[in-house]
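Reading through the structure tokens given below for one structure.
Here is how names work: the chains are called A, B, and so on, in the same order as the sequence lines, proteins then strands, and each is numbered from 1.
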Amino acid sequence: QSVLTQPPSVSGAPGQRVTISCTGNNFNIGAGYNVHWYQQVPGTAPKLLIYDDSSRPSGVPDRFSGSKSGTSASLAITGLQAEDEADYYCQSYDSSLSGSVFGTGTQVTVL
Amino acid sequence: QVQLQESGPGLVKPSETLSLTCAVSGGSISSDYWSWIRQPAGRGLEWIGRTYISGSTNYNPSLKSRVTMSVDTSKNQFSLRLRTVTAADAAVYYCARGRSPHTSFDSWGQGTLVTVSS
């Protein structure tokens with residue numbers, strides 16, 4: 001049911017760079033609504049990682065960065081670390097639903 | 001830093017009503033937007049809806065016919081009622097804060113597991 005599509009999984013070796021895509025449409029990302037990213041370690045609540053496309057809350061390492069173009073957004077993790085193993089979700093607003101929408105989620109594995 | 005804590009029955013019978021409350025501490029509920037989000041086991045996040053102090057609400061269209069949300073300023077808490085539950089409603093339910101309808105959820109409760117079973 002998610003209107004934002006993410007790859008199910010991505011993986012990388014420690015120190016590498018990985019990216020996660022989030023594809024929407026002209027009612028959400030393409031309409032200019034901000035994209036936000038969350039990190040969820042299994043068994044815990046999601047944690048805000050990136051807000052308003054590319055801003056980091058206090059305490060989030062600058063290894064995490066976000067970008068947006070057209071109907072898609074991306075989260076990049078540089079210098080991948082073992083502690084980055086988690087599920088990642090994008091989120092935006094959808095005008096056709098008049099509400100928030102989440103991505104399908106991506107599991108990041110550190111090899 | 002605002003903190004949120006969900007509470008309510010962990011077990012609900014099919015066809016009955018799920019009722020949860022989210023207590024807000026460290027800040028006033030009289031500002032900001034308050035949402036409920038759920039996550040079935042092994043699956044992704046689903047936004048259920050949001051409420052505001054004014055009484056305005058927005059619900060996920062897929063759940064709108066069964067959902068009611070409200071704010072209790074005297075107790076600094078907000079609530080969720082989901083009617084006529086089925087097994088598909090079993091999930092971890094989170095409450096969360098958004099500064100506006102379009103923004104991120106910057107504070108989350110720890111989540112509460114709701115099982116639907118007779």
Inset, instruction - Group every Ile, Leu, Val, Met, Phe, Trp and Tyr by side-chain heavy-atom contacts under 4.5 Å, then state whether A:L97 and A:Y33 land in the same group. - result: no

Inset, instruction - May I ask you to list the residues in residues 9-27 of chain A that approach chain B closer than 4.5 angstrom, counting heavy atoms only, ordered by number? - result: none

Legend entry - Distance-minimising heavy-atom pair for B:R43 and A:Y89: O-OH, 3.6 Å

Legend entry - ILVMFWY network linking B:V67 to B:V114, side-chain heavy atoms under 4.5 angstrom: yes

Legend entry - Part of B:Y94 lying under 4.5 Å from any heavy atom of chain A: side chain

Legend entry - Within residues 99-111 of chain A, residues adjacent to chain B where the heavy-atom gap is under 4.5 Å: A:G99, A:S100, A:F102

Legend entry - Euclidean distance, A:N34 CG relative to B:T103 OG1, rounded to 0.5 Å: 9.0 Å

Inset, instruction - Give a yes or no on whether B:L80 and B:V85 share a hydrophobic cluster (residues Ile, Leu, Val, Met, Phe, Trp, Tyr; joining criterion: side-chain heavy atoms under 4.5 Å apart). - result: yes

Legend entry - Over 12 foreign heavy atoms within 6.0 Å of CD, B:E16: yes

Inset, instruction - Examine B:L18 and B:W34 and state if one hydrophobic cluster contains both, with Ile, Leu, Val, Met, Phe, Trp and Tyr joined whenever side-chain heavy atoms are less than 4.5 Å apart. - result: yes

Legend entry - Residues of residues 72-86 of chain A near chain B, each having a heavy atom less than 4.5 Å away: none

Inset, instruction - Pull out the residues in residues 36-70 of chain A that come under 4.5 Å of chain B, heavy atom to heavy atom, sorted by number. - result: A:H36, A:Y38, A:Q40, A:T44, A:A45, A:P46, A:L48, A:Y51

Inset, instruction - Tell me whether B:F105 is reachable from B:V24 by hopping between hydrophobic residues (I, L, V, M, F, W, Y) whose side-chain heavy atoms are closer than 4.5 Å. - result: no

